[in-house]
Amino acid sequence: MSIKRTTLLAVAAALVAVSPAAAGSTTTITISHEMKGCHMWQVGSGKLAPNLNATLKAGTTLRFVNNDIMPHKLIQSGGPKLTLVHANMNQMSAVSTVELTHKGTYRFTTKPGEDYKLFAGHKTIGEDYVLHLTVHVK
Ligand SMILES: [Cu+2]
């Protein structure tokens, strides 16, 4: 066996090893602290809003990141039952994940908790938003 052929085989083996991780993509939804309404969320680097819609492919993993100054418990409010991993995002940068294996329309909201002690008494403008997200999985 020539050296060139050995190298090609090594590259092929490396590609095979990497492929399972690339099978499903991940979409990140970030909850951030906002002056008006206290918090909003965004899909990727999209527009910040309290109400969002997203269309994703089956097999996508939704990754929620809570960067607000208060805990958020992720709640599924509609669609076929999903498994929410670490739904209780109760510290800065807490992450919750949901695998969207099957097609369908899913709805999510959050139940916010009290401001973290460090931010107690932090003022915001207006009523706190209730976050709503609708995800169409195709
Ligand atoms: Cu908030």
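Atom set for the values below is all heavy atoms of this structure, side chains included, hydrogens, waters and symmetry mates excluded. Counting convention: from 1, in listed order, for ligands and their atoms alike.
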**Item:** Atom name of the N, O or S atom in His39 that lies nearest to the Cu ion (ligand 1)
**Value:** ND1

**Prompt:** Does atom NE2 of His86 have more than 12 heavy-atom neighbours from other groups under 6.0 Å away?
**Reply:** no

**Asked** Looking at the Cu ion (ligand 1), is one of the N, O or S atoms of Cys38 less than 2.8 Å from it?
**Response** yes

**Fill in**
Residue set satisfying ring-ring contact (aromatic ring centres under 6.0 Å, His included) with His122, at least two apart, ordered chain then number -> His33

**Request:** Check Asp68 and report its N/O/S atom nearest to the Cu ion (ligand 1), by atom name.
**Result:** OD2

**Message:** Under a 3.5 Å cutoff, is there a donor and acceptor pairing between the side chains of Ser32 and Glu34?
**Reply:** yes

**Prompt:** Looking at side-chain heavy atoms only, is the closest gap between His39 and Pro112 below 4.5 Å?
**Reply:** yes

